[in-house]
Each structure stands twice: as C-alpha cells, then as structure tokens.
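Here the structure is laid out as structure tokens; the discussion comes afterwards.
Just so we're clear, the structure is a prediction, and the values are computed from it rather than from any experiment. Below, all heavy atoms of this structure are taken into account, side chains as well, without hydrogens, waters or symmetry copies.
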Amino acid sequence: MGSTTHDRDAALSAAPGNYDFVVVANRLPLDRIEDPDGEVSWRRSPGGLVTALQPVMQKADGAWVGWTGAPGPAPEPFDEAGMRLVAVSLTAEDVRDYYEGFSNDTLWPLYHDVIAPPRFRRAWWDAYVRVNRRFAQAAAEQAGEGAVVWVQDYQLQLVPGILRAGRPDLRIGFFNHIPFPGYEIFAQLPWRRQIVEGLLGADLVGFQRQGDATNFLRACRRAAGLTTRGSLVRVPRSWRRDISANSVGRARTSRAAADDDRTVRAATFPISIDSEGFEAIARRPEVKARAAEIRQALGHPKTLLLGVDRLDYTKGIAHRLKAYGELLADGRLTSPEDVLVLVASPSRERVEQYRRLRDEVEVTVARINGEFGEVGSAPVHYLHHSYPQEEMAALYLAADVMLVTSLRDGMNLVAKEYVACRYDESGALVLSEFTGAADELGGAFLVNPHDISGLKDAIARAARISPAEARRRMRTMRKRVREYDVSRWADTFLDALHGGPVAAEPEPQMQV
Ligand code: G6P
C-alpha cells in the first residue's frame, strides 16, 4: 500500500510476514508454567484483556504477539487453541524495569488516578522503550503487506509509533483497556509527549469510556501541541521519529503541507465478553452441580455474597471488607446466614504496592473472621487463587449478590460475566460507578465505594432484594450484555479502523 522498502525504518526492515491480522499484547493468551522438574505447561493468562480477545482471535486467522509471562528465551512461534502464538522474550531485567517498573509501578497507578503513588524512574522508561521496540519488531515480522495490526493496552503505547515509522503500509489500531487519566494527572509523566506521539502512530485509538477519549484528545493538544476537531487529531505527516533506543518519539517539528497531514481518530468502544460462551458454560449440568456443591459446602447460606478480582489496589477490596464488617457489626447481615466469598487472584506480586495490599486484605479478613466467626463457620471465605472459567461460572451461579467496588476500572468484565451466567434472571449486582461497566449496567445497584454508608445500604438492599425486583434489574442487564458482546466490540473497532463510521455508543441505561 504505497510504501517501499527504503521508506521503512532500518530496525523494522525484516521481510513482511504472512498474516493479514496481528494482535500485539503484553501477554500471550497462555502463560508458560515450568514446574520444579522442568515440565512445561500452558495456562490461561490473567485479566480481562485475554478474556475478551481470545474468542476474537480464534475466529480470525491471525497471529498473536506477546510475552509468555516468564523471563528468559522465548519459544519458537507455535499454534495453540486455534491461534498462531509468537512469543517475545523478556530478560529478568526487562521484567523488573519494563513490566513491574514502568508498566505497573508508573503507568498503572498514574492511569488509575494515582490511587497509589506512581514512581518515575528513568531506567524504567529506557526499558519500556527497548521492550516496545522489540514487540514492534516481532509484529512487523508477522504482518503481511498492508496488514491490520491491533496493539493492546498501556504496556505497549510506543508500538504504534515505531510501527508507523518502519512499516507505513500497515493499518494500525490501538485499544487502551484501562482508563486514560485527566491531563492534570497525565502531565506528571516526564515522558508524556513521547507517549502521546507513540499512540498517534495508530490510525484509530480506542478507549472504554467517552471521558477517556476526551482526556486523550486534551493530552494531544497540551502535551504534543496538536489541533483536534471533534474526535480527530491532525498529525503532520512529516513526523519522522528517530527510533534509536534513547529517543523514541523525538519528533522533528518541521511541518509538511496541511493536505499531507494524517488524521487519527480517538473513539469509544466499550469492551465486553463472550456472553453466549459464558452462559453456555453456566448451563452445563456439571457446572450447575458444582454451584450447588459450593452452597452446600458453605452451609446453605441465606445470602452468598461474592467478590472476584485480581488482588489489585484499584479494586476497592478494603472498602468492600469495611462495609461488610460494619454490616455484621450492625446486625444488618449475620453470620453464618450471610457469607462473603472473596476470590482475590494473585497479581504482580513482586511490586511493593501489591505486597502491601495483600497484607492489608489478609489482616482485615482475619479480623472479621476472628470477630464474627464461630467454630465451623467463617463470615469471609478468602481464596488467593486463580480459577478456570468453569469454576468461576459455578461461583457466579452460586452467588446471590456480586460485589464490584473498584475505585477506578477501565471496564470490569467480572460484572459482565456474572450477568451473563445468571440465565434464570436471579441475583443482584452491586457495582461501582467508577467502572466502565457502570455506563452500561444501569440495572445494578450503583455505588460510590468511598461512601461506606451508601455502600452498606446498597449491599443490604441487594441481599434482601425481592425476586421480582431482581428479575427486573437482571433482565435489563442481560439484554445489554448479550447484545454488546465481545465480537460486536471487535467488529465495531475493526470496521472503524477500516474507515467505517464509528457506531453510536450504547445509550447509557437508566438506573432502575
Ligand atoms: C488488566 C490489564 C491487562 C493485564 C491484566 C492482568 O486487565 O488491562 O493488560 O494483562 O490486567 O495483569 P498482568 O499484569 O498480570 O498482565
């Protein structure tokens, strides 16, 4: 598509590959697990991104470029679960500085409204640049002439810019799975301009919520001095980056004629799940039997409350426990009749903030159990594990009330998974208004998790909801989750990337 080899950046000069569609994400959909005897197995990777993209990729004949989740040399590209998987290797130092450092100790807290203080370290930034270049190189090797490359999430924000410079023939999309912060927060980042310029290598930059897209457009104006009109950003075509390791994003400022400019679109595409697939799992007889077994193991509670998160400080787990503990103290909930199952899957365990959070959560759980438990019954069942989808579906089926109390969350797919599994239209969802899902799931009990009294009232109401009200609320939520599923999300994004109109966003539902 109009490019010649000499247009390409020398660093990405490998011959084009064979794939028309390439997804680039920090993680492959499967993690490589090596046991102490050296036995290697593959396990589904954590987080919402994989949940959403795996079914999309299985339908498309494409390649997925990502990391295996373990340091060291990468295996050769291989086919698994109907996908071509291309592993990028990260050394132990890359994992420390690019993944744990810049991605999860700088960008993650910064983009989640500094709930935890972000740390800015120049060595981490250098690693981020270096590793983003490696992902871009791997993607360029897989992508055929004129291919579509879809880059995912905050770990890889420089990849669109590097690809654009080296492979101008590609059509490049970027989707940010997490929030994009307001400019006053984003502006703290010493490398804010380079990040904006990296993203603007894409033709289309997608966000979960309108506020995220608006924040990004403002960052384009303020950090990169560009003009925007509506959802469009005008980018001088003469931007050529010297993408040597130390200066990614150092754009030359000379301007080409205006008619040579590129336009980049920033728009909203709320992500979803494979709703039908989830419901089908929940309908399996063995999953239903497992749900009954879970309730039996808990002594047939009157109300089973459930929380499912990665153990992350953005999820408001401490707020949830505080509200639950006070409800028990007030006698508005009672043990053993009411019980909370808290699934907190291990996450980013070498990052200090995550270690501290684990200690805090575990102390609080122990305190509640110590205070309100009896021999043979605990008011909180805390599970620091990850579970396969079947076990998750059984837990969702078993739970009367689902608690999602994030302080900030791009979307929160757990809320949608719960709704998808409740095919009998029972169950209630308590949902933080600071999640992307709150825009769509007005049938939930929407809460501000910082308002502990309000949160307690919502939990108490959800726990004592009448079957008729539960049905009314669940029905509206199920309609939304079934209509706007993950394939619709991907189709809408990819259509827009091909120049189609951006479909109108789903109308926010009124709160019931
Ligand atoms: C969130 C992010 C993903 C990330 C996932 C799991 O969903 O948006 O990009 O993969 O968390 O986190 P981890 O650090 O384990 O990949």
Side-chain angles (χ1 to χ4, degrees), residues 46-48 51-52 270-284 287-288 290-291 294-295 298 301 303-310 315-317 320 324 339-345 381 383 386-406 409-447 449 455 458-459 461-463 465 467 469-486 509 511-512:
T51 310
I271 201 169
S272 194
I273 56 163
D274 175 11
S275 319
E276 216 181 24
F278 247 98
E279 176 165 345
I281 295 174
R283 283 180 183 273
R284 284 189 209 156
V287 172
K288 287 196 268 186
R290 174 70 190 138
I294 290 169
R295 289 191 72 95
L298 293 168
T303 318
L304 195 171
L305 302 122
L306 175 67
V308 174
D309 312 89
R310 277 182 311 102
K315 304 291 184 183
I317 300 171
R320 191 183 312 163
Y324 181 63
V339 63
L340 171 63
V341 174
L342 199 64
V343 177
S345 47
H381 287 249
L383 305 162
S386 323
Y387 292 105
Q389 279 182 329
E390 289 73 15
E391 181 70 0
M392 292 317 306
L395 280 162
Y396 294 141
L397 271 186
D400 303 293
V401 179
M402 182 79 210
L403 301 176
V404 176
T405 53
S406 313
D409 211 331
M411 174 52 64
N412 196 286
L413 294 180
V414 161
K416 293 188 173 179
E417 288 173 4
Y418 178 69
V419 169
C421 287
R422 306 299 302 194
Y423 56 85
D424 71 353
E425 299 179 341
S426 67
L429 173 64
V430 174
L431 178 63
S432 164
E433 60 196 42
F434 303 118
T435 61
D439 287 353
E440 296 176 71
L441 303 179
F445 291 91
L446 293 181
V447 291
L455 179 56
I459 295 174
R461 275 186 67 198
I465 194 171
E469 185 185 353
R471 195 171 317 114
R472 187 161 50 79
R473 287 173 175 268
M474 189 55 79
R475 196 173 283 163
T476 61
M477 293 193 286
R478 285 182 56 73
K479 184 166 183 295
R480 173 59 51 96
V481 168
R482 279 156 65 171
E483 274 173 24
Y484 290 88
D485 69 355
V486 71
Q509 285 185 330
Q511 194 170 0
V512 181

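Y418 places a side-chain N or O within donor-acceptor distance of the main-chain N or O of A399, the cut-off being under 3.5 Å. Between the R473 side chain and the A444 main chain, a donor and an acceptor come within less than 3.5 Å of each other. Of the possible donor and acceptor atoms, none in the side chain of S406 sits under 3.5 Å from a partner among the backbone N and O of T435. Side-chain atoms of R478 come within 3.5 Å of backbone atoms of V419 as a donor-acceptor pair (strictly under, hydrogens ignored). The main-chain N or O of L397 is found under 3.5 Å from a side-chain atom of R422 such that the two form a donor-acceptor pair. S432 contributes no side-chain N or O that, together with a main-chain N or O of P449, makes up a donor-acceptor pair within less than 3.5 Å.
Within the 4.5 Å cutoff, side-chain heavy atoms of R320 are placed close to those of D309. Looking at heavy atoms from C-beta onward, S426 lies out of side-chain contact with M474 at the 4.5 angstrom threshold. Proximity of L403 to L340: side-chain heavy atoms (C-beta onward) are separated by under 4.5 Å at one or more points. Within the 4.5 Å cutoff, no side-chain heavy atoms of V430 are placed close to those of R461. Counting heavy atoms from C-beta on, the side chains of R295 and L304 come closer than 4.5 Å. Side chains of D400 and I465 form no contact here, defined as non-hydrogen atoms less than 4.5 Å apart. At a threshold of 4.5 Å between non-hydrogen side-chain atoms, the residues L446 and L441 do not count as touching. Here the side chains of I281 and E417 are not in contact, with every heavy-atom distance at 4.5 Å or above.
Here the CD1-CG distance, from I294 to L395, works out to 4.0 Å after rounding to the nearest 0.5 Å. Distance check: K416 NZ to D274 CG gives 13.0 Å after rounding to the nearest 0.5 Å. Here the NZ atom belonging to K315 is positioned 5.5 Å from the CZ atom belonging to R310, to the nearest 0.5 angstrom. Taken to the nearest 0.5 Å, the CD1 atom of I273 stands 7.0 Å off from the SG atom of C421. Residue F434 holds its CZ atom at 14.0 Å from CG of N412, rounded to the nearest 0.5 Å. The distance from atom CE of M477 to atom CG of L429, rounded to the nearest 0.5 Å, is 5.0 Å.
Note: Y396 and F278 have tilted aromatic rings, judged against thresholds of 30 and 60 degrees for the angle between ring planes.
The nearest pair of heavy atoms linking A458 to V447 is CB-CG1, 3.3 Å. Listed here is the closest heavy atom pair of G443 and T476: CA-OG1, 3.9 Å. Between G316 and T405, the closest heavy-atom pair is O-OG1, 3.0 Å. The heavy-atom pair separating D485 from S275 by the smallest distance is CB-OG, 3.4 Å.
Within 6.0 Å of CD on E433 lie more than 12 heavy atoms contributed by other residues, nucleotides or ligands.
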Exercise. Stepwise, does the side-chain contact (heavy atoms from CB on, under 4.5 Å) test hold for V339 with H381?
Worked result: CA-CA 8 Å; V339 63; H381 287 249; 3.6 Å; yes
Exercise. Step by step, would you call E483 with E440 a side-chain contact (heavy atoms from CB on, under 4.5 Å)?
Worked result: CA-CA 11 Å; E483 274 173 24; E440 296 176 71; over 6 Å; no
